[in-house]
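Heads up: the structure comes next, in structure tokens.
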Amino acid sequence: MIERDRLRRVYLVGFMGAGKTSVGECLARELHYGFADLDREIERDAGRTIAEIFREDGEGVFRPLEARALRIVGARTDLVVGTGGGTLTLWENRDFIHRTGVSVWLDAPLDVMLERCRSSEHRPLLSDRPKMEALLSDRLPSYRLSDLRVDAGSQPPEMLAARIASMLAGLR
Ligand code: S3P
């Protein structure tokens, strides 16, 4: 059983290309919640794109901006949050997500996620397959700590969102 208040924030987590934004938008509609995409919040606050932040200042500057944006969106309720693929790498973020909401890991095969990112130009950490495989395996332990896991490899976002909504209803 999850405390009622935590069900008012749903954090979608998972690797780049897992579908956090597309599923998150559908899930928000399904739950009648708002939707916030963490990367878009960071860009709006910083007045720069994620790619510009990485290029000009590096990941060392990006991560604190991300942690700050997480705390700002996490102050809202009745909200689905699409996190970034690396948000859970900081334990402070993992702790914040765990205390304030329910985390749902969108798990998909690496090749599916890479295929979805293929035409992406705004993901500065996107690299060749061996590097992505290493990054994913570094991150798997933190994704595995999520409250819920869904197989996000093949179903369309609407179906996944409906599935997650019924899993969440089961936690009430
Ligand atoms: C990152 C993933 C990106 C974005 C940034 C860093 C990562 O978000 O936050 O480029 O570390 O995996 P998506 O997972 O939405 O692509």
Side-chain angles (χ1 to χ4, degrees), residues 10-28 35-74 79-97 101 103-161 163-164:
V10 180
Y11 296 97
L12 297 187
V13 307
F15 204 61
M16 290 171 252
K20 302 178 293 289
T21 304
S22 49
V23 175
E25 285 171 347
C26 295
L27 182 62
F35 176 72
D37 181 272
L38 209 52
D39 282 345
R40 299 295 85 75
E41 299 291 323
I42 298 164
E43 291 181 334
R44 211 182 37 218
D45 272 8
R48 291 186 289 170
T49 66
I50 302 294
E52 283 166 346
I53 298 169
F54 269 77
R55 197 169 51 239
E56 291 161 11
D57 294 328
E59 189 172 352
V61 164
F62 171 77
R63 293 296 169 202
L65 295 177
E66 182 182 46
R68 182 168 172 275
L70 178 65
R71 274 144 194 83
I72 293 170
V73 297
L79 188 72
V80 175
V81 182
T83 65
T87 307
L88 292 187
T89 54
L90 291 187
W91 79 263
E92 298 94 306
N93 293 346
R94 291 200 294 275
D95 179 60
F96 181 82
I97 287 174
S103 50
V104 183
W105 172 27
L106 303 188
D107 185 17
L110 179 60
D111 288 321
V112 171
M113 297 190 284
L114 291 182
E115 179 58 29
R116 289 180 187 151
C117 293
R118 209 155 55 94
S119 57
S120 163
E121 280 166 15
H122 62 270
R123 289 186 167 99
L125 291 183
L126 197 59
S127 180
D128 56 37
R129 196 182 187 289
K131 289 210 180 83
M132 292 290 95
E133 199 170 358
L135 190 61
L136 176 60
S137 77
D138 273 359
R139 289 175 173 183
L140 281 176
S142 58
Y143 297 151
R144 286 198 181 107
L145 295 173
S146 304
D147 296 302
L148 299 172
R149 175 199 163 276
V150 283
D151 190 336
S154 53
Q155 284 182 336
E158 296 77 15
M159 284 182 70
L160 274 173
R163 179 110 208 285
I164 295 168

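- In this structure, the side chains of Arg71 and Glu92 come closer than 4.5 Å at one or more pairs of heavy atoms.
- Side-chain atoms of Ser146 never come within 3.5 Å of backbone atoms of Val104 as a donor-acceptor pair (strictly under, hydrogens ignored).
- Residues Glu41 and Ala69 come closest through the heavy atom pair CB-CB, 4.4 Å.
- A distance of 11.5 Å separates CG of Leu88 from CG of Asp95, quoted to the nearest 0.5 Å.
- No side-chain heavy atom of His122 sits less than 4.5 Å from a side-chain heavy atom of Thr49.
- Partners of Phe35 by ring pair (Phe, Tyr, Trp, His ring centres under 6.0 Å), not counting sequence neighbours: none found.
- Arg68 places a side-chain heavy atom less than 4.5 Å from the side chain of Asp45.
- In terms of heavy-atom proximity, Thr87 sits nearest to Arg63 at N-NH1, 4.1 Å.
- The two residues Ala46 and Ile53 have their closest heavy-atom pair at CB-CD1, 3.9 Å.
- Crowding of Arg118 atom CZ: a count of heavy atoms from other residues, nucleotides or ligands under 6.0 Å not exceeding 12.
- No side-chain heavy atom of Val150 sits under 4.5 Å from any side-chain heavy atom of Gln155.
- Put simply, CG on Asp57 and CZ on Arg48 are 4.5 Å apart, with the number rounded to the nearest 0.5 Å.
- With Asp147 contributing its side chain and Ser103 its backbone, the two residues share a donor-acceptor pair below 3.5 Å.
- Interatomic distance, OG of Ser127 versus CG of Leu114, reported as 10.0 Å (0.5 Å rounding).
- Closest of all the heavy-atom pairs between Val73 and Ala36 is CG1-CB, 4.0 Å.
- Taking 4.5 Å as the limit, some side-chain heavy atom of Ile50 sits within range of a side-chain heavy atom of Ile42.
- Around atom CD of Glu121, no more than 12 heavy atoms belonging to other residues, nucleotides or ligands sit under 6.0 Å away.
- Under a 3.5 Å cut-off, the side chain of Arg149 and the backbone N or O of Asp107 do not form any donor-acceptor pair.
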Name every donor-acceptor pair, under 3.5 Å, that has one atom in a side chain of residues 13-27 and the other anywhere in the protein, sequence neighbours excluded.
from  : atom 1 : to    : atom 2 : distance (Å)
Lys20 : NZ     : Gly14 : O      : 2.9
Lys20 : NZ     : Phe15 : O      : 2.9
Thr21 : OG1    : Asp37 : OD2    : 2.7
Ser22 : OG     : Gly19 : O      : 3.4

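- Glu133 places none of its side-chain heavy atoms less than 4.5 Å from the side chain of Leu136.
- A distance of 13.0 Å separates OG1 of Thr83 from CH2 of Trp105, quoted to the nearest 0.5 Å.
- Expressed to the nearest 0.5 Å, how far CZ of Arg94 lies from CD1 of Ile97 amounts to 9.5 Å.
- Two residues are said to be in side-chain contact when any heavy atoms from C-beta on lie closer than 4.5 Å; Thr89 and Asp138 fail this criterion.
- For the pair Asp111/Arg129, a side-chain contact is recorded, criterion being any heavy-atom separation below 4.5 Å from C-beta on.
- Atoms OH and CG, from Tyr11 and Leu38 in turn, are 9.5 Å apart once rounded to the nearest 0.5 Å.
- Residues passing the ring pair (Phe, Tyr, Trp, His ring centres under 6.0 Å) test with Phe96: none are found, sequence neighbours excluded.
- Just one of Leu65, Leu90, Asn93 meets the side-chain contact (heavy atoms from CB on, under 4.5 Å) condition when paired with Leu70; it is Asn93.
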